[in-house]
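This report concerns only the one structure given below.
The structure displayed is predicted, hence computed values, not measured ones.
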Amino acid sequence: MNHSMKRLFCKSLCTAAAGANLKPPPADSAAIAKLILSSPTTAHQSLDEQFLLSSKTTPWTPQLVNSILKRLWNHGPKALQFFHFLDRHHHNYVHAASSFDLAIDIAARLHLHTTVWSLIHRMRSLRLGPSPKTFAIVSERYVSSGKPDKAVKLFLNMHEHGCFQDLASFNTILDVLCKSKRVEKAYELFRALRGRFSADTVTYNVIVNGWCLIKRTPKALEVLKEMVERGINPNLTTYNTMLKGFFRAGQIRQAWEFFLEMKKRKCEIDVVTYTTVVHGFGVAGEIKRARNVFDEMIREGVLPSVATYNALIQVLCKKDSVENAVVMFEEMVKRGYEPNVTTYNVLIRGLFHAGEFSRGEELMQRMEIEGCEPNFQTFNMMIRYYSECCEIEKALGLFEKMGSGDCLPNLDTYNILISGMFVRKRSEDMVVAGKLLLEMVERGFIPRKFTFNRVLNGLLLTGNQAFAKEILRLQSKSGSRLTRKFRL
DNA sequence: ATAGGGTTAG
């Protein structure tokens, strides 16, 4: 059953249920999100009349609210406006902890520090949290905006906000630091507190992975050794992490030896191990060895997963030929696998990269027919290729499609498209770039100074002085205006 | 949201 059929089927079922008075009519998060998006965005203005009216009869549930917040993820100001509206005006509805977590994440992405903390306090006064998850979200935001010390401090002070630290939250903060490449900082914290929290296999795995992520495999091996000495047993995850680390660091020979050692020691190697090796060899350009390992896994009775096929298809595109990748794709379908969005993205990219635009477009149509929704990567990648090849109309067409669909443009989309507006060096493209810049600010994204300057220069050079002035005004007050508008 | 495998860009 394809996607549109599924939707139809769902709809008729729901209508039947409502008609029979079995349950309240289902509220459609897509429709509500659209209504919110189409409300005017003037400052201090509440949501649209139409929305206000319909909100009175909408049976609000946390699931519905969360679904709407996710749809509005890339329009943070609207998402928060909606969240605050329900919080204030619907006294019979109280937000769930999970909705608070989403709102906190959105506010943190908009750098609305004050809003983040008032939400946390409100959550606490309603006795809904904050939970370890809330702290994980806020820490991650701190780390990704270049403030790892604040993240650590937050973890150390968690208990002051009514949330006690435990091994799980310790592992989480270490992982957050490692994933953002702040491995030295994580290692420092790990050494200071591993005794207090009785570090376990997960803790050590997080640290081993951290060193591997920054290609410092000797340090990772050191931690592995220490782990064994302290009586903490490494598991398959530990070894798979190490294996991936060798490939990432370009130590192909060591990776192969490590893999052989894993087999020799009768470690029950799994689909993840094999996928790591197939991908690792492929990225290193060793297509033949990648294929050999792929054949070996089937011989050994380890079933490849969609991820394994994705790895193989990707490396065929990059290091072999896109034609062979297409063959592999058809083979996986023939064997009964259902390609996912990553599969399509990898192959569409391969086709575009080879200049096979129409075949790439056909594949996108095919994915939609199969009920596989394109995501950010799909759109952003295609927009990037179209821009590079001066197909600005096609790039803009995809952008429109995102805005009207379930996948709102994100920060990358705006950056890619704005860059694309410079390839033709046309005056009218500069105006579009300026409009995109205004729109992205309105949606809560903060353009880099470079982007502002580039658009300003473009407008000035093409005689759009008045528009340039408008953008200059916006630049000077964009940050402060947002904070005032959405503070609780 | 406690850890490992596919999407980027050389």
Original post:
Using a heavy-atom distance cut-off of less than 4.0 Å, which residues of residues 314-329 of chain A contact DNA chain B?
Top reply: A/Gln314, A/Lys318
Original post:
How is A/Val346 classified with respect to the nucleic acid when contacts are heavy atoms under 4.0 Å: base, sugar-phosphate, or nothing?
Top reply: sugar-phosphate
Without placing hydrogens or testing angles, list every side-chain donor-acceptor pair under 3.5 Å for residues 134-146 of chain A, not counting sequence neighbours.
from: A/Thr134; atom 1: OG1; to: A/Asp101; atom 2: OD1; distance (Å): 2.7
from: A/Thr134; atom 1: OG1; to: A/Ser131; atom 2: N; distance (Å): 3.0
from: A/Thr134; atom 1: OG1; to: A/Ser131; atom 2: O; distance (Å): 3.4
from: A/Thr134; atom 1: OG1; to: A/Ser131; atom 2: OG; distance (Å): 3.2
from: A/Ser139; atom 1: OG; to: A/Phe135; atom 2: O; distance (Å): 2.5
from: A/Arg141; atom 1: NH1; to: A/Ser144; atom 2: OG; distance (Å): 3.1
from: A/Tyr142; atom 1: OH; to: A/His113; atom 2: NE2; distance (Å): 3.1
from: A/Ser144; atom 1: OG; to: A/Glu140; atom 2: O; distance (Å): 3.1
from: A/Ser144; atom 1: OG; to: A/Arg141; atom 2: O; distance (Å): 3.4
from: A/Ser145; atom 1: OG; to: A/Arg141; atom 2: O; distance (Å): 2.9
from: A/Ser145; atom 1: OG; to: A/Tyr142; atom 2: O; distance (Å): 3.4

Subject >> Contacts of type ring pair (Phe, Tyr, Trp, His ring centres under 6.0 Å), residue A/Phe82, not counting sequence neighbours >> reply: A/Trp60
Original post:
Could you state the CG-C1' distance from A/Leu102 to B/dA1, rounded to the nearest angstrom?
Top reply: 13 Å
Original post:
Listed in order of residue number, which residues of residues 347-367 of chain A have a non-hydrogen atom at under 4.0 Å from DNA chain B?
Top reply: A/Arg349
Subject >> Proximity to the side chain of A/Val272 - top-ranked nucleotide from B/dG5, B/dT7, B/dG6 >> reply: B/dG5
**OP:** Assign A/Lys133 to base, sugar-phosphate, or nothing according to its heavy-atom contacts below 4.0 angstrom with the strands shown.
**Re:** base
Original post:
Partners of A/Cys267 by side chain to side chain contact (heavy atoms under 4.5 Å, CB included), sequence neighbours excluded?
Top reply: A/Leu236, A/Tyr239, A/Met262, A/Ile269
**OP:** Take the angle between the ring planes of A/His121 and A/His161 and call it parallel below 30°, perpendicular above 60°, tilted in between.
**Re:** tilted
**OP:** Would you classify A/Ser305 as touching base, sugar-phosphate or nothing, given that sugar-phosphate means primed atoms plus P, OP1 and OP2, and contacts are heavy atoms under 4.0 Å?
**Re:** base
Original post:
Of the nucleotides B/dA1, B/dT2, B/dG6, which one has an atom closest to the side chain of A/Lys244?
Top reply: B/dG6
Original post:
Below 4.0 angstrom from OP1 or OP2 of B/dG5, is there any side-chain N or O of A/His279?
Top reply: no
Subject >> Minimum-distance nucleotide to A/Glu140 side chain [options: B/dA3, B/dA1, B/dT7] >> reply: B/dA1
Subject >> Any A/Phe170 side-chain heavy atom under 4.5 Å of A/Phe155 side chain >> reply: yes
Original post:
With A/Arg182, which residues qualify under salt bridge (Lys or Arg N to Asp or Glu O under 4.0 Å), at least two apart?
Top reply: none
**OP:** Would you mind reading off the distance between A/Phe155 atom CZ and B/dT2 atom P, rounded to a whole angstrom?
**Re:** 13 Å
**OP:** Provide the full list of salt bridge (charged side-chain N to carboxylate O under 4.0 Å, His left out) pairs with a residue in residues 236-247 of chain A, sequence neighbours left out, each pair given once.
**Re:** none
Original post:
Taking only residues two or more places apart in sequence or in another chain, which ones pass ring pair (Phe, Tyr, Trp, His ring centres under 6.0 Å) with A/Phe352?
Top reply: A/Phe357, A/Tyr385, A/Tyr386
Original post:
Got a sec, which residues hit ring pair (Phe, Tyr, Trp, His ring centres under 6.0 Å) with A/Tyr337, two or more places apart in sequence or on another chain?
Top reply: A/Tyr309
**OP:** Report the distance from atom CG of A/Asn171 to atom C1' of B/dA3, rounded to the nearest whole Å.
**Re:** 8 Å
**OP:** Could you check which residues of residues 254-271 of chain A get a heavy atom under 4.0 Å from DNA chain B? Sort them by number, please.
**Re:** A/Asp270, A/Val271
**OP:** With A/Leu411 as reference, evaluate A/Arg443, A/Met440, A/Arg109 under the side-chain contact (heavy atoms from CB on, under 4.5 Å) test and give the passing residue.
**Re:** A/Met440
Original post:
Quick one: the side chain of A/Thr276 and the base of B/dG5, do they pair up donor-acceptor inside 3.5 Å?
Top reply: no
**OP:** Please confirm whether A/Arg366 makes a cation-pi placement over A/Tyr344, using NZ or CZ under 6.0 Å from the six-membered ring centre and within 45° of the ring normal.
**Re:** no
**OP:** Provide, to the nearest angstrom, the distance between the CZ atom belonging to A/Phe190 and the P atom belonging to B/dA3.
**Re:** 16 Å
Subject >> Partners passing ring pair (Phe, Tyr, Trp, His ring centres under 6.0 Å) against A/Phe190 (at least two apart in sequence or in another chain) >> reply: A/Tyr187, A/Tyr204
Original post:
Which way is the base of B/dG6 turned, syn or anti, if we draw the line at 90° from 0?
Top reply: syn
**OP:** Please state the C1' separation for the pair B/dT2 and B/dG6 - nearest whole angstrom.
**Re:** 23 Å
**OP:** Take atom CZ of A/Phe294 and atom P of B/dG5, then tell me their distance rounded to the nearest Å.
**Re:** 19 Å
Original post:
Who are the side chain to side chain contact (heavy atoms under 4.5 Å, CB included) partners of A/Ser98, not counting sequence neighbours?
Top reply: A/Asn66, A/Ala96
Original post:
On the ring face of A/Trp256, is A/Arg289 found with NZ or CZ under 6.0 Å from the centre and within 45° of the axis?
Top reply: yes
Original post:
Starting at CG of A/Asn345 and ending at P of B/dA9, how long is that distance when rounded to a whole Å?
Top reply: 12 Å
**OP:** Tell me what A/Thr308 touches on the nucleic acid: a base, only sugar-phosphate, or nothing, going by heavy atoms under 4.0 Å.
**Re:** base
**OP:** Looking at every strand, decide which applies to A/Leu236 at a 4.0 Å heavy-atom threshold: base, sugar-phosphate, or nothing.
**Re:** base
Subject >> Selected nucleotide, minimal atom distance to A/Asn340 side chain, candidates B/dT2, B/dG6, B/dA3 >> reply: B/dG6
**OP:** Nearest whole angstrom, please: distance from the P of B/dT2 to the CG of A/Leu177.
**Re:** 16 Å
Original post:
Which is true for A/Asn235 with a 4.0 Å heavy-atom rule: it touches a base, it touches only sugar-phosphate, or it touches nothing?
Top reply: base
**OP:** Compare the minimum distances between each of B/dA3, B/dG5, B/dA9 and the side chain of A/Val206, then state the nucleotide with the smallest one.
**Re:** B/dA3
**OP:** Rounded to the nearest angstrom, tell me the gap between atom CD1 in A/Ile313 and atom P in B/dG6.
**Re:** 14 Å
**OP:** State which of B/dA1, B/dG5, B/dT7 makes the closest approach to the side chain of A/Thr342.
**Re:** B/dT7
Original post:
Which nucleotide, B/dA3, B/dG5, B/dA1, lies nearest any side-chain atom of A/Thr237?
Top reply: B/dA3
